[in-house]
Every structure is written in C-alpha cells, then in structure tokens.
2 protein chains.
Amino acid sequence: MDITQERAEARDLPFNVFAKACPSRGTLEHVTGRWGALTLGALHEGSLRFNELRRRVDGVSEKMLSQTLHALERDGLVHREAQPTNPPRVDYELTPLGRDVAERLLGLIHLVEGRMDDVLAARARYDETRGAL
Amino acid sequence: MDITQERAEARDLPFNVFAKACPSRGTLEHVTGRWGALTLGALHEGSLRFNELRRRVDGVSEKMLSQTLHALERDGLVHREAQPTNPPRVDYELTPLGRDVAERLLGLIHLVEGRMDDVLAARARYDETRGAL
DNA sequence: CCGCATCCCCGAGGATACTG
DNA sequence: CAGTATCCTCGGGGATGCGG
C-alpha cells in the first residue's frame, strides 16, 4: 500500500507539513511560493541563465529572483553552474529532486490553467450573489 | 498527444501563468499560498467545520483562515454549507474541481515530506561550504 | 460557535544604484 | 552579464474586541 495515500496524521513519516514547527513547511513554501513555483516551472524546460529566467518569469525583480534561486539551491532543488569567463555566464538547472518537484508543480499549474474558465465562472456567480448585498 | 506536456509558450491555451497579467496566476497563488495549500490539503480528508479546520492547519489565525476560505470559495474550489441552527454550524468541503486541485497538491506535499532528508542534507552541505566564507 | 471589524507591526518585495 | 546593497512602501497577517 502506498503510504502517500494515508491521511496526514495517520502516516508515520517524520515530517508533517500541517504541523507549525515542521521544516517541511518552509520548503513547501519555497516550492509553492509566488516566485518559487514559477522559477521551477520555467527551469523544467531546461537550463537557463539568470536574465533568461528573469524574462521568462514575467514580473519578477532582480532581487526576488536572486533570493528565490538561493533558497531553491540551498534546498537542493536547483543547481548553479558558474563559468569564470568574461562576461560571466551562469546557468541554472534543476537537480533530479528538483525535476520531480517541478513535474508535480507543472501538473498543478496546467490543471489550474486548463480550468480557469470554471474558476472565472465561479467567481462571476459568487460576485453576483454576494456583491448584490 | 497531451497538451500539458508542451512548453508554456508553445501551448495555445488562453491562460498562461507565466504572464504577469494572467488571472490564472492569482488563482495559482490562492491554491499554493501559505494557507491555501494547507487548507485544501486538510479538506481533502472530508468535510470540516471552521474550528476543526483551524485546529488542523496548525498556526493559522482566525482571520487568515476566513480570508483563505473566501478566496477558495470564490474560485469555486470550496463549498460552504451553513446551517441556520443555534449554535451555528458551518461545513466546508471541496468541490469536484477543488478535489482535483487538492489531489495534485497532496502529491506535491507528500513528495516534499518524503524527501525532506535529502533537502536537509542539501542544506547542510550548502551551509557548510557557503557559510565558511 | 462562526465569524467580521479594527488596529498595528513587521517583513516581503519593488526601485535604484553600484560592483566584479 | 550576474548579481549585491540600500532604501522605502505597502499589504500580509497577528491580536483583540464585538455581533449574530
């Protein structure tokens, strides 16, 4: 039987994201966070340089991208490959673990994108009945 | 061929989360956000009342849970069932779309939880080489 | 029990300028 | 090109109190 199918508190895994103090919660936030998710998604297509990544993840600032990449690298999801040339060239790519994570993430992203019509319809309904107060 | 396997800009879907102005980005943030992800995860086990939910999602405040539930309800991921009894009883449960989303989310959550050893090891390595500066 | 309203603070995150 | 440093703002989010 697949343990990942169990209810969270029934599993005997050492890490439970529903518990406030669990380190897995922090990592989950790096992964699902505003820029983390998009960065991992972009890198799933292949290795990218800093500014390529920046153009791909529309709206991210230099600072936040840098910060996000550091967090993901530290968690072992992204590998940073710097070449001491001039001008400098730095490539970022997913680690095997990062690829696993990115795949699930992209599944979720594509699901959301594919069902946006339903979401938008639900919003319209909600706003109509609730907004009329 | 499965369209979800395509690169983001090669797909002809109307919604692209990598674009700054796309509404799908907002919904993705509701879903993957700090409290959104945990709320959906908790509700995947079944219908829950407000305070049950609050105890389950360790650390969430009344305000943020309320806010999160509103956003998810508006996006059509959660259904709110209020019974006009006294004391009031309100149940929250996932919609079919919410279940689809929650399943992918839980897949991601369980992956992260299951690989935390690797993450922690990566962090230790990172901090050792980088922290020594 | 289920919330909404209010106050308030702190940190995420943007803009800008500078370095290697 | 690939970042780091600094400043500043805005809103996420906690604490508290009230109302149905």
Side-chain angles (χ1 to χ4, degrees), chain A residues 20-21 25-39 42-43 47-75 78-93 126-127 129-133, chain B residues 20-21 25-39 42-43 47-75 78-93 126 129-131 133:
Chain A
K20 183 164 47 176
R25 190 180 278 194
T27 298
L28 184 69
E29 278 164 23
H30 294 159
V31 167
T32 61
R34 195 173 180 192
W35 304 121
L38 297 176
T39 301
L43 283 175
S47 176
L48 288 173
R49 304 175 59 180
F50 189 84
N51 280 331
E52 288 175 331
L53 210 38
R54 226 192 130 193
R55 278 186 294 274
R56 229 150 226 294
V57 180
D58 191 16
V60 70
S61 68
E62 218 169 50
K63 177 184 161 186
M64 290 318 297
L65 181 57
S66 176
Q67 209 168 93
T68 300
L69 285 168
H70 278 311
L72 294 177
E73 188 193 356
R74 191 168 104 100
D75 285 353
V78 164
H79 175 68
R80 180 177 186 276
E81 185 87 24
Q83 285 156 38
T85 60
N86 195 323
R89 179 189 177 96
V90 182
D91 289 278
Y92 292 93
E93 62 185 343
Y126 184 96
D127 290 347
T129 59
R130 292 245 155 179
L133 302 182
Chain B
K20 183 164 48 178
R25 189 181 279 194
T27 298
L28 185 68
E29 279 164 24
H30 294 159
V31 167
T32 62
R34 193 172 180 195
W35 303 122
L38 297 177
T39 301
L43 283 174
S47 177
L48 287 173
R49 302 177 60 182
F50 189 83
N51 280 331
E52 288 175 332
L53 210 39
R54 232 197 122 186
R55 278 186 295 274
R56 225 152 229 295
V57 181
D58 191 15
V60 70
S61 70
E62 213 173 54
K63 178 183 162 187
M64 291 318 296
L65 180 57
S66 177
Q67 208 171 94
T68 300
L69 285 168
H70 277 312
L72 295 177
E73 188 193 354
R74 192 167 105 99
D75 284 353
V78 164
H79 176 68
R80 181 178 186 275
E81 185 89 24
Q83 286 156 37
T85 61
N86 194 323
R89 176 187 178 98
V90 183
D91 289 279
Y92 293 91
E93 61 184 343
Y126 184 95
T129 59
R130 294 245 155 178
L133 301 183

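Convention: sequence-line order gives letters A, B, ...; per-chain numbering from 1.
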- Does C/dC1 have OP1 or OP2 sitting under 4.0 Å from an N or O in the side chain of B/Arg55? no

- Message: If you assign each of B/Leu69 and A/Arg34 to its closest nucleotide in DNA chain C, which residue comes earlier from the 5' end?
- Response: B/Leu69

- Item | side chain to side chain donor-acceptor pair (under 3.5 Å) involving A/Glu81 - partner list, sequence neighbours excluded | A/His79

- Message: Can you tell me if A/His70 touches the phosphate of D/dT4, counting only side-chain N or O atoms and a distance under 4.0 Å to OP1 or OP2?
- Response: yes

- Those residues that, when tested against B/Arg49, pass side chain to side chain contact (heavy atoms under 4.5 Å, CB included) (two or more places apart): B/Glu52, B/Arg89, B/Asp91

- Task: Under the side chain to side chain contact (heavy atoms under 4.5 Å, CB included) rule, what do B/Phe50 and B/Leu69 come out as? Steps first, then yes or no, please.
- Result: CA-CA 9 Å; B/Phe50 189 83; B/Leu69 285 168; 4.0 Å; yes

- Interatomic distance where CG belongs to B/Asn51 and P belongs to C/dC2 [whole Å]: 4 Å

- Query: Can you check the A/Glu52 CD to D/dG3 P distance for me, whole Å?
  - Reply: 12 Å

- Message: Let's see if you get this right: which residues in residues 86-93 of chain B place a heavy atom under 4.0 Å from DNA chain C?
- Response: B/Pro87, B/Pro88, B/Val90, B/Tyr92

- Would A/Tyr126 and B/Arg74 count as having a side-chain donor-acceptor pair, cut-off 3.5 Å? no

- Query: For the side chain of B/Arg49, counting heavy atoms from C-beta on, which of C/dC1, C/dG13, D/dA2 is nearest?
  - Reply: C/dC1

- Message: With a 4.5 Å cut-off on side-chain heavy atoms, are B/His70 and B/Ser66 touching?
- Response: yes

- Query: Can you check the A/Gln83 CD to D/dG3 P distance for me, whole Å?
  - Reply: 12 Å

- Measure the distance from CG on B/Leu65 to P on D/dG14 and round it to the nearest whole Å. 11 Å

- Message: With nearest nucleotide decided by heavy atoms, which residue, A/Lys63 or A/Arg80, maps closer to the 5′ end of DNA chain D?
- Response: A/Arg80

- Are any of the side-chain heavy atoms of A/Leu48 and A/Leu43 separated by less than 4.5 Å? yes

- Separation of C/dG14 C1' from A/Asp58 CG (nearest whole Å): 15 Å

- Task: Grab the CZ-P distance between A/Arg54 and D/dT4 for me, whole Å please.
- Result: 13 Å

- Task: Starting from C1' on C/dG3, measure out to CG on B/Leu53 and report it in whole angstrom.
- Result: 14 Å

- Message: From C-beta outward on A/Trp35, which listed nucleotide comes closest to its side chain: C/dG14, D/dG13, C/dC2?
- Response: C/dG14

- Query: Side chains of A/Glu93 and A/Val78: does their closest heavy-atom pair fall under 4.5 Å?
  - Reply: no

- Query: Rounded to whole angstroms, how far apart are CE on B/Met64 and P on C/dG3?
  - Reply: 16 Å

- Item | Distance-only donor-acceptor test (3.5 Å): side chain B/Glu62, base C/dC2 | no

- OP1 or OP2 of D/dA15 sitting under 4.0 Å from any side-chain N/O of B/Ser61? no

